[in-house]
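Sequence lines set the chain letters: A, B, ... in the order given, protein chains first and strands last, and positions in each chain run from 1.
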Number of protein chains: 2
Amino acid sequence: MAKPTIGDVARVAGVTRATVSHAYSGKRPISAPTKARVYEAAESLGWVPSHSARALATRRANAVGMVIARDPGVIASDSFFPAFIAGLESGLADAEVALLLQVAASRSAEERAYRSMAHGKADGVIVIDLHRSDWRVPFLAELGLTAVLLGAYEQESPFSCVRSDDAVQMRELITHLRGLGHERIAHVSGPLGYVHSHARARAYVEEIGSEELLREGDFGAASGRDLTAELLDVADRPTAVLYANDTMAIAGLSLARSRDFKVPDDLALAGFDDDHLSAHLSPALTSVATDPFRRGRITAEVLLADIGGATPRSVELDCNELRLRASTAAPAPSIAQGGDR
Amino acid sequence: MAKPTIGDVARVAGVTRATVSHAYSGKRPISAPTKARVYEAAESLGWVPSHSARALATRRANAVGMVIARDPGVIASDSFFPAFIAGLESGLADAEVALLLQVAASRSAEERAYRSMAHGKADGVIVIDLHRSDWRVPFLAELGLTAVLLGAYEQESPFSCVRSDDAVQMRELITHLRGLGHERIAHVSGPLGYVHSHARARAYVEEIGSEELLREGDFGAASGRDLTAELLDVADRPTAVLYANDTMAIAGLSLARSRDFKVPDDLALAGFDDDHLSAHLSPALTSVATDPFRRGRITAEVLLADIGGATPRSVELDCNELRLRASTAAPAPSIAQGGDR
DNA sequence: TCCCATCGTCAAACCGGTTAACCTAGGGAT
DNA sequence: ATCCCTAGGTTAACCGGTTTGACGATGGGA
């Protein structure tokens, strides 16, 4: 019943503990017959090397951490998150590295979490929800932790970052809508403190040339609904609204319909992040797929490389894809004809 | 720069390593002045005990694991999951226990994950997506791992389980709909292999007395849409549909509207799990809030207790709450009058 | 005055691996 | 014949904590 140790394996195989270790690590040459005896002994005993002993000896936790500082309500409403985790895991699993998750409610809890990770709990961390000027960057640098930032950090940093240029799709989307005849295009952004919200909003403003129809939301459904209502009440109301995520877009869509707006004829809508629901709504919601799974996988790979001693680098991902759907389709024939007349 | 060890603290405080250890653990009495010197030394050096060294010495990983066996796509579409994790974490954080997440794509990967957890990576595990006859239960028992099952396991098991009686709300919902005059009520279930899907479907069948309008979905949006379409094509079509989760319900709602059904007048709809979007849709979707955060927190508490040696027990939670909203409201006045005439 | 219990601390063993240094035997080059 | 190198292994010292047996000092009871 007692778990076998490397010593038990060594005894059964008739060698020393060091030999068993070498047989597995390959750091020293071991003859084929000896290796076979060791493997067999390990197999018969059901030996699995102790994770903590190895961690102690190698000073490697074989784990990476991620601290989530959002409040639980917001976590739940993010469709990006679970898929990203899955991608991360898939990248980590190959290297047998575990993912340590920690939710921190306060700044001090967050600092504590990072501290304990720096002290042997994790070899590196993934920083999400990056702010434009994020205190965590210098803090983690001081802790001597390896980190990967998710998003384009605008300042100097000693860490790798994995980013994508959301502005491209934002512009594509606006171009598409203009092609359909829309002139008043609004944007409901995420909190502008976040680098990705900010980048999307900036692309919008640059392309449109005005902030008149820009509203700052918080990624939650309630803000999507309320800001949509506000925009529809504007004197010269927008005929199209771009949202920084699908949750807000779906809430906006729902509100628009309850007020008897026809989508896309009266109002065109588009989201961002391509929530799993979006393709299945009626009308299906135009959105930008951001492939969170792949993003997670790449992030994991970059982090593992950095932990292994690679030089931090900035990786630009090209995994955004505009998914044009019915919510921004050309106006229905009947209306189109009406417009032509 | 080098991380201070307990030895450094001992030297500065002028005591031995054992004394430092005892000063913190309290397993031996230490005089107040000595203790003060130790604390001060630790403080000044910024000492944080090494996680791996402690884990090795105490044979406690101070971590609990959770293996997610769903495929990434399904993970992303589950609103229950992130909030549950957040709740778990909140229960674990107080005890300074970390949460280890692992995504396993295959049965063998899953077994490997559990094995490595049993060998020092985790002190216990949380089993989600429980099947009615789940291979993991005997497997984990054999590994000697402590576990908590999420959901009502119907057979004997050596583990605690945290469950709730979803049948109550299912019946409430049906009663409510009947009160509104609905006679043909359908149910789109989740995969019937899962204990919770099965329990909900069973409650439905017992209350309705027929399986004619029961359809087995997979919790995904596509299946919600397609099965709704199928149900609406039935000869004597249902006037109300209950879904086993909100994702399917929202897809169903969307489809119904695209076919010009008025909700709730022509068709009443209700989901389960109260997705963050549901309250903000128009019409807002009736659903059953299952408080995943609280569920997670309680699960963590039970697991920690069991790891500490408590006797496994079955905890029945009472945190489901029916949220009646517009999608199952009384028919609109105009229609109701029409009915009365 | 003597004995024993208690308190506070120390020294050393231990947890289960990894790894640097050392040893030995055989083979090829010189 | 000598020298050096390499393959294959052993020994022992770590990694950074926890735990336990031993021990001197103090104090109370008989």
Side-chain angles (χ1 to χ4, degrees), chain A residues 1-39 41-42 45-63 96 115-123, chain B residues 1-39 41-42 45-63 96 115-123:
Chain A
M1 198 60 222
K3 303 212 158 90
T5 75
I6 198 174
D8 299 327
V9 175
R11 195 172 323 114
V12 170
V15 296
T16 63
R17 302 188 300 157
T19 305
V20 176
S21 180
H22 290 141
Y24 278 92
S25 69
K27 300 223 166 182
R28 285 295 166 96
I30 298 290
S31 72
T34 308
K35 203 178 277 190
R37 284 213 319 284
V38 169
Y39 287 173
L45 288 159
W47 175 68
V48 175
S50 150
H51 190 257
S52 21
R54 173 173 296 175
L56 178 58
T58 59
R59 280 143 272 235
R60 271 288 187 85
N62 279 308
E96 307 242 358
R115 273 222 173 73
S116 83
M117 288 183 177
H119 282 266
K121 244 170 144 174
D123 305 318
Chain B
M1 197 62 220
K3 303 214 159 91
T5 75
I6 198 173
D8 301 327
V9 175
R11 195 173 322 113
V12 171
V15 295
T16 63
R17 302 189 301 156
T19 303
V20 175
S21 178
H22 290 140
Y24 278 91
S25 70
K27 300 222 169 186
R28 286 282 174 98
I30 298 289
S31 71
T34 307
K35 202 176 278 188
R37 284 212 319 283
V38 169
Y39 286 172
L45 288 161
W47 176 66
V48 176
S50 148
H51 191 258
S52 24
R54 173 173 295 174
L56 177 58
T58 59
R59 279 135 272 229
R60 270 289 187 83
N62 281 309
E96 307 244 355
R115 272 222 174 73
S116 83
M117 287 183 179
H119 283 267
K121 244 172 147 174
D123 305 317

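Residues B:Ser21 and B:Ile6 share a closest heavy-atom pair of N-CD1, 4.0 Å. Taking all atoms of both residues into account, the shortest heavy-atom contact from A:Lys121 to A:Ala61 is O-CB, 3.4 Å. Listed here is the closest heavy atom pair of B:Arg37 and B:Val15: NH2-CG1, 3.7 Å. What you find for B:Val38 and B:Ala13 is that their closest heavy atoms are CA-CB, 3.9 Å. Nearest heavy-atom pair across A:Arg17 and A:Ala10 is N-CB, 3.7 Å. The heavy-atom pair separating B:Ala41 from B:Val9 by the smallest distance is CB-O, 3.8 Å.
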Which protein N or O atoms sit under 3.5 Å from an N or O of nucleotides 7-9 of chain D?
unit_1, atom_1, unit_2, atom_2, d
D:dG9, OP1, A:Ser31, OG, 3.2
D:dG9, OP1, A:Thr34, OG1, 2.4
D:dG9, OP2, A:Ser31, N, 2.6
D:dG9, OP2, A:Ser31, OG, 3.1
D:dG9, OP2, A:Thr34, OG1, 3.3
D:dG9, O6, A:Arg28, NH1, 2.9

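The salt bridge (charged side-chain N to carboxylate O under 4.0 Å, His left out) search around B:Arg11 returns B:Asp8, not counting sequence neighbours. Qualifying ring pair (Phe, Tyr, Trp, His ring centres under 6.0 Å) partners for B:Tyr24, counting only residues two or more places apart in sequence or in other chains: B:Tyr39, B:Trp47.
B:Glu96 has its side chain out of reach of B:Asn62: every pair of non-hydrogen atoms, C-beta onward, lies at least 4.5 Å apart.
Looking at heavy-atom distances under 4.0 Å, A:Arg17 makes contact with a base. B:Thr5 comes within contact range of the sugar-phosphate backbone alone, with a heavy-atom separation under 4.0 Å but no base atom that close.
Summarising the geometry, atom OG belonging to A:Ser52 is positioned 9.5 Å from atom CZ belonging to B:Arg59; distances are rounded to the nearest 0.5 Å. Atom NE2 of A:His51 sits about 10.0 Å away from atom CE of B:Met117, to the nearest 0.5 Å.
Atom CG in B:Asn62 sits roughly 13 Å away from atom C1' in D:dG17 (whole-Å rounding).
Between the A:Arg28 side chain and the A:Gly26 main chain, no donor and acceptor come within less than 3.5 Å of each other.
If you walk DNA chain C from 5' to 3' and mark each nucleotide with an atom closer than 4.0 Å to a heavy atom of chain B, the marks span C:dG8 to C:dG16.
Note on the helix from C:dT1-D:dA30 to C:dT30-D:dA1: angle between the axes of the first and last five pairs equals 50°, rounded to 10 degrees.
Looking at residues 47-56 of chain A, you'll see A:Leu56 sit with a heavy atom under 4.0 Å from some atom of DNA chain D.
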